[in-house]
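A short write-up of the structure that comes next.
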Protein chains: 2
Amino acid sequence: MPRPSLKDTRTDEILEAFMRCVARYGLDGSTLERISEEAGIGRPLLRHYLGNREQMVAQFIDYVTRKFDGMTTELFDALPETNRMDVLIGALFGREDYQPDNAAVFQAMVAASDRYPGIRASLLKFITGFEERVAGEIQRQKPQADAGSCAIAASGLTAIYFNTAAIMPLKPENHWQNRQRQAAQRLLENL
Amino acid sequence: MPRPSLKDTRTDEILEAFMRCVARYGLDGSTLERISEEAGIGRPLLRHYLGNREQMVAQFIDYVTRKFDGMTTELFDALPETNRMDVLIGALFGREDYQPDNAAVFQAMVAASDRYPGIRASLLKFITGFEERVAGEIQRQKPQADAGSCAIAASGLTAIYFNTAAIMPLKPENHWQNRQRQAAQRLLENL
DNA sequence: TGATTAATTTACAATATTGACAATAAACGA
DNA sequence: TCGTTTATTGTCAATATTGTAAATTAATCA
């Protein structure tokens, strides 16, 4: 009998707008006014759906954490049976569907990690989880390589990818991105 | 006859405090109140020495640019005659005198690069300049290697270093940092 | 149509931030 | 000591941001 609830939809829209603002202005630079404008709704609705700023930030951290995890699993689950490593490299260093927002959000959260408890553990878990997935793929491609070397290569490959994503807002030239990808591939050789 | 001017000293102190604030709160999150508190002076002094916020930000960008360039030349000029590459790796991935602020400032400026014209060119120039220095060191150590491979290795090594520095606020475990350094060293092998 | 529940808007108070200028204090030389 | 210049502080207005509650509108079903 009641009016249908838009809580889930609106909550997602607001948190997505929050992410875009954090990517541009940082966590403290993301005012409620900016977020509501970015989401295309009135500011009081932020409060209606997510509560005050403190509660919003808490849910934001949770949302981003889950989103990063989801994107990671989605990325690796989409790899084909064969040629997985090449597809992975292509996905990480391809310039097709790039969303520089995610890396910027990541960096903004790192910067705020000392003030908002919970961020640090979440991001560290995300990083190590990502590295472990990459290491698994490397080990799968090179079964004879020892696990330690695979872990090192995975760590380096992940670092190069993260750095590339973080610098994308500067719109670096293509040959710079190519060098990043080639450096990542070098780590996979001689295993 | 006049009272001696503290303009240079205070200007530096303020800009250094500005950097620490940007590292924590981002460019838009760095309020004049926070900066003045971090600098240990009254807020009106910010205006006295650096003008209004817009003028402060302009000088901040210039200051950071020059500082990054200065730190780069200082780093490479301090390398000894022999064993340069090992010393360089030690300086980049050592955990002695780490200042996570610089990397955080860098990331905050990347995030703000689309709103503040001039940031993009400055940071890109800094990155390529850093990579070229690293490439020069690699080439010096391995004279028989071709320049393209040196550039790729330098690009990867720089990326891993930048990423490591960016993540330092999360206080990652030592073995994670060790893997980063080992991955960087892998790029130098087989040239 | 009316009741009910949620969405949305309006409105106002409290606080934070910035801009701007006047007033005061301090250091230096004549 | 006096005059000059600068550092430092005090103060207020304008704007921005957030918190909060009430009022209004809209959708669904009986």
Side-chain angles (χ1 to χ4, degrees), chain A residues 1-63 105 108-109 111-112 114-116, chain B residues 1-63 108-109 111-112 115-116:
Chain A
M1 57 189 77
R3 178 174 178 173
S5 176
L6 299 180
K7 190 170 177 56
D8 293 347
T9 306
R10 285 277 181 269
T11 297
D12 262 28
E13 289 175 358
I14 293 170
L15 290 172
E16 284 291 326
F18 202 160
M19 280 189 69
R20 291 193 292 274
C21 288
V22 169
R24 276 205 230 165
Y25 308 106
L27 197 49
D28 287 87
S30 296
T31 66
L32 301 185
E33 199 66 49
R34 273 203 254 256
I35 297 169
S36 65
E37 184 183 4
E38 180 73 30
I41 61 178
R43 181 173 64 86
L45 282 185
L46 302 186
R47 178 176 187 80
H48 179 67
Y49 288 112
L50 295 175
N52 61 18
R53 182 171 232 284
E54 183 181 353
Q55 297 166 316
M56 279 189 67
V57 171
Q59 293 175 74
F60 172 77
I61 293 171
D62 200 57
Y63 180 78
V105 170
M109 289 178 70
D114 60 336
R115 272 164 297 143
Y116 296 91
Chain B
M1 55 189 76
R3 177 174 180 174
S5 176
L6 298 179
K7 190 170 177 55
D8 293 347
T9 307
R10 284 276 182 269
T11 296
D12 262 27
E13 290 175 357
I14 293 170
L15 289 173
E16 283 292 326
F18 203 159
M19 280 189 68
R20 291 193 292 274
C21 287
V22 169
R24 276 205 233 165
Y25 308 107
L27 197 47
D28 287 86
S30 296
T31 67
L32 301 186
E33 198 66 50
R34 273 203 256 255
I35 297 170
S36 66
E37 186 183 4
E38 181 72 31
I41 61 179
R43 182 172 65 84
L45 282 185
L46 302 187
R47 177 177 188 76
H48 179 67
Y49 288 111
L50 295 175
N52 60 21
R53 182 170 232 282
E54 183 182 351
Q55 296 166 318
M56 279 189 67
V57 171
Q59 293 175 74
F60 172 77
I61 294 171
D62 201 58
Y63 180 78
M109 289 179 71
R115 273 164 298 143
Y116 296 91

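Chain A is the first sequence line, chain B the second, and so forth, proteins listed ahead of strands; every chain is numbered from 1.
Contact of the B/Gln55 side chain with the B/Asn52 side chain is registered, since non-hydrogen atoms from C-beta on lie closer than 4.5 Å. Residues A/Arg115 and A/Leu27 form no side-chain contact, since every pair of their non-hydrogen atoms from C-beta on lies 4.5 Å or further apart. Residues B/Asp28 and A/Arg34 form a side-chain contact, since some pair of their non-hydrogen atoms from C-beta on lies under 4.5 Å apart. Between A/Met19 and A/Tyr63, some side-chain heavy-atom pair lies under the 4.5 Å cut-off.
Atom CD of B/Gln55 is separated from atom C1' of C/dT18 by 13 Å (rounded to the nearest Å). Distance CZ (A/Arg10) to P (C/dA7): 9 Å, rounded to an integer number of Å. In this structure, the NE2 atom of B/His48 is 18 Å from the C1' atom of C/dT18, given to the nearest Å. The interatomic distance linking B/Glu13 (CD) with D/dT8 (C1') rounds to 14 Å, in whole Å. Atom pair A/Asn52:CG and D/dA21:C1' shows a separation of 15 Å (rounding to whole Å applied). C/dG19 atom C1' lies 15 Å from atom CG of B/Leu50, rounded to whole Å. For the pair B/Leu45 CG and C/dT24 P, the computed distance is 17 Å after rounding to whole Å.
For the segment residues 24-44 of chain B, the set of residues with a heavy atom within less than 4.0 Å of an atom of DNA chain D comprises B/Pro44, in numerical order.
In the set D/dA7, D/dT28, C/dG19, the nucleotide with an atom closest to the side chain of B/Lys7 is D/dA7.
Of the inter-residue distances, the one linking A/Ile14 atom CD1 with A/Phe60 atom CZ reads 13.0 Å to the nearest 0.5 angstrom. Here A/Leu50 contributes atom CG and A/Leu15 contributes atom CG; the two are 5.5 Å apart, rounded to the nearest 0.5 Å. For the atom pair B/Tyr116 OH and B/Glu54 CD, the distance stands at 9.0 Å (nearest 0.5 Å).
Residue A/Arg53 has no polar side-chain atom (N or O) positioned under 4.0 Å from OP1 or OP2 of D/dG19. A close approach under 4.0 Å does occur between a side-chain nitrogen or oxygen of A/Tyr49 and OP1 or OP2 of C/dA7. Of the side-chain N and O atoms in B/Arg47, one or more sit less than 4.0 angstrom from OP1 or OP2 of C/dA20.
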